[in-house]
Colleague: 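Quick one: the structure is below, questions incoming.
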Amino acid sequence: MPATALKCRECKAEYPLEAHFVCSNCFGPLEVAYDFSALGADPAQTRRRIQAGPQNIWRYSDFLPLQGGSPGASTRGASRSGLPAGCTPLIRADRLAAELGLKEVWVKNDAANPTHSFKDRVVSVATHRARELGFDTLACASTGNLANAVAAQASAFGMRSYVFIPSDLEEQKILATGVYGTNVVAVKGNYDDVNRLCTELSGERAGWAFVNVNMRPYYAEGSKTLAYEISEQLGFTTPDRIVSPIASGSLFTKIAKGFEEWLELGIATGSLPKMNGAQAAGCSPVATAYANGHDVCRPVKPDTIAKSLAIGNPADGPYALELARRSGGGIDMVTDDEIREGIGLLASTTGVFTETAGGVTTAVLKKLAERGEIDPEERVVIVITGEGLKTLDAVRDTFTTHTIEPSFDAFEAEFAVAGSH
Amino acid sequence: MSVKVKIPTQLRANAGGEGEITVEGSNVSEVLDALFAVHGELKERICDEDGGLRRFVNVYVGGEDIRFEQGLETPVPAGGEVQILPAVAGG
């Protein structure tokens, strides 16, 4: 496989490709290191191989940390292994662009994944690597979407699973997780309490693969496939700007890593997009650090309707800050009211109904447009990470239902549109 | 005042293989100093050159992140629990 080692992001110490996530010298996070030289010097050949691959993330297995390459017996149409993720639509959003005075906006709709969020990508990679390493139980600390994805992937493979969530999570996310027959553990506390418990548990349960704890280096790599897809869908180029939500900061930084890998290998043309991160004002440790010019984040206690982004202690925050500055982007925050408006704006101009995290992203796009930060000639992609049906409370009471008697006259009386047809 | 310190698996090799160690101290700083007096190797793992906590080390007193309290000056009650864990990004 192209992966060569796990490498500490801080002190660069290297470790074997096992279930480690933290450097034993300095406690820094470990990341997968690669040697892509086996791909050869001809990017056109690599592009052709990608295009001939299955219609899911395994078409990018040359860039993912799996020993066996693309898992299962795959054909162009399918990958016969687990619950494949990816190959979600990239939708040109001209009405949204016009509304905001922009020229070219695209929506990467990752709600179109099997469990309706981008988490299916990261869980696919983590699960396959966990199976290669011999684990038989999957687990995670989740704000909801990850729990959905882990429970579903475990079912597809017949693995045991335990998902840990904050007890105040949206009911839709709990129901959509329990249905898979997983062990749902609702922890009395916020996400950061759940994460602390799972970090402790992962040290005590040797046979468990916590996808976002001890499998984290592999899990995080799955987010790169969003960048590969966007690039491939734009004809192996890069967009000028990405607007993406930030919770832990992992998705945001790995999207950039995906683009940078392809630019370096000559697979994509262009340059690194300006990377704009989006947070909710009720949980904005990274946006606040950005605004204050800090390079580390001060943890916060989350209080926002965007529960999937409610991570008060984002460990990849420093890297997200560095990326936003280096790429010429930025990190913004929006209020809960702006989040609700963002959900409505995306739905009413594109037909895509997103959860609160997508409302955060859309609202930040609007804010950037209103501030005049986006050149009208730019090609902008917003990353919509999850599905509106999972956070229905956010749109309750935002519109009127016309209840009438089943008669023509009642309809006419209600709408009273003279001469309508 | 004796308090219990929970050691993460990643550091147990530097703590004689122990997962829990009882030491004396009334705030986090004193507790860590007492811990380092027993297992000196732990200090460079947990602290940076200036004696502060490393960026990716989280310390909790009674389940609360000390950065929400008074940092290294956070009081630790008698019989309390101090937990050391690596920071992990969530999501």
Side-chain angles (χ1 to χ4, degrees), chain A residues 8-10 20-29 118-119 122 140-143 145-146 189 191-200 202-204 206 210 212-214 216 219-220 223 246-251 253 296 298-301 308-320, chain B residues 4-21 28 32 35-36 39-74 80-91:
Chain A
C8 175
R9 285 196 70 153
E10 295 292 304
H20 299 305
F21 67 101
V22 61
C23 176
S24 25
N25 293 332
C26 74
F27 262 38
F118 87 100
K119 292 295 185 186
V122 288
C140 67
S142 175
T143 57
N145 283 322
L146 181 57
Y191 175 78
D192 297 294
D193 296 314
V194 177
N195 198 28
R196 178 174 57 82
L197 173 63
C198 287
T199 307
E200 184 178 358
S202 79
E204 309 296 336
F210 274 88
N212 58 338
V213 184
N214 55 345
R216 180 165 192 83
Y219 162 97
S223 290
I246 293 181
S248 71
S250 175
L251 168 73
T253 51
V296 292
R298 188 176 166 77
V300 301
K301 301 277 189 193
S308 55
L309 304 182
I311 295 180
N313 188 5
D316 282 345
Y319 304 124
Chain B
K4 186 167 77 179
V5 185
K6 293 182 87 170
I7 308 292
T9 42
Q10 295 83 2
L11 290 179
R12 288 181 193 165
N14 306 111
E18 298 289 327
E20 284 183 12
I21 295 169
V28 173
L32 290 180
L35 181 67
F36 301 151
H39 297 291
E41 284 176 67
L42 286 176
K43 183 164 185 176
E44 64 169 312
R45 297 275 185 267
I46 295 172
C47 298
D48 59 24
E49 293 79 8
D50 305 327
L53 289 177
R54 284 182 181 275
R55 193 159 90 172
F56 293 94
V57 173
N58 288 345
V59 176
Y60 304 86
V61 173
E64 187 71 56
D65 190 325
I66 62 167
R67 284 173 294 186
F68 288 117
E69 307 290 328
Q70 298 156 50
L72 291 171
E73 304 307 314
T74 304
E81 183 180 283
V82 175
Q83 186 173 27
I84 301 167
L85 282 176
V88 187

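Bear in mind the structure is a predicted one, so any value in this text is a computation, not a measurement. Excluded from the calculations below are hydrogen atoms, water molecules and symmetry mates; all remaining heavy atoms, backbone and side chain alike, are included.
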Colleague: What part of B:R54 gets closer than 4.5 Å to chain A, counting heavy atoms only: side chain, backbone, both or neither?
Modeller: side chain
Colleague: Please give me the minimum heavy-atom distance between A:P299 and B:D65, naming the atom from each residue.
Modeller: CG-OD2, 4.4 Å
Colleague: Under 4.5 Å heavy-atom distance to chain B, tell me which part of A:N145 shows up: side chain, backbone, both or neither.
Modeller: neither
Colleague: Under a 4.5 Å heavy-atom cutoff, which of A:R196, A:K301, A:E10, A:H20 has the most pairs with chain B?
Modeller: A:R196
Colleague: Considering only heavy atoms, which portion of B:N14 lies under 4.5 Å from any heavy atom of chain A: side chain, backbone, both, or neither?
Modeller: neither
Colleague: Looking only at heavy atoms and a cut-off of under 4.5 Å, which of A:N25, A:V22, A:V122 has the most pairs with chain B?
Modeller: A:N25
Colleague: Give the minimum heavy-atom separation between A:S250 and A:A220, together with the two atoms involved.
Modeller: OG-CB, 3.7 Å
Colleague: Kindly compute the distance separating CG (B:L35) from CG (B:L11), expressed to the nearest 0.5 Å.
Modeller: 9.5 Å
Colleague: Counting heavy-atom pairs closer than 4.5 Å to chain A, which one of B:R45, B:R12, B:K6 comes out on top?
Modeller: B:R45
Colleague: Let me know if A:F118 has heavy atoms under 4.5 Å from chain B in its side chain, its backbone, both or neither.
Modeller: neither
Colleague: Rounded to the nearest 0.5 Å, how far apart are OG of A:S308 and OH of A:Y191?
Modeller: 11.5 Å
Colleague: Work out which heavy atom in B:L32 is nearest to a heavy atom in B:L53; give both atom names and the distance.
Modeller: CD1-CD2, 4.1 Å
Colleague: Which region of B:P86, side chain (C-beta onward) or backbone (N, CA, C, O), has a non-hydrogen atom less than 4.5 Å from a non-hydrogen atom of chain A, or is it both or neither?
Modeller: both
Colleague: Measure distances from A:V300 to the heavy atoms of chain B and classify the residue's part below 4.5 Å as side chain, backbone, both or neither.
Modeller: backbone
Colleague: Can you tell me how far apart CG (A:N212) and OG (A:S202) are? Round to the nearest 0.5 Å.
Modeller: 9.5 Å
Colleague: At their closest point, which heavy atom of A:G312 faces which heavy atom of A:D192, and how far apart are they?
Modeller: N-OD2, 2.9 Å
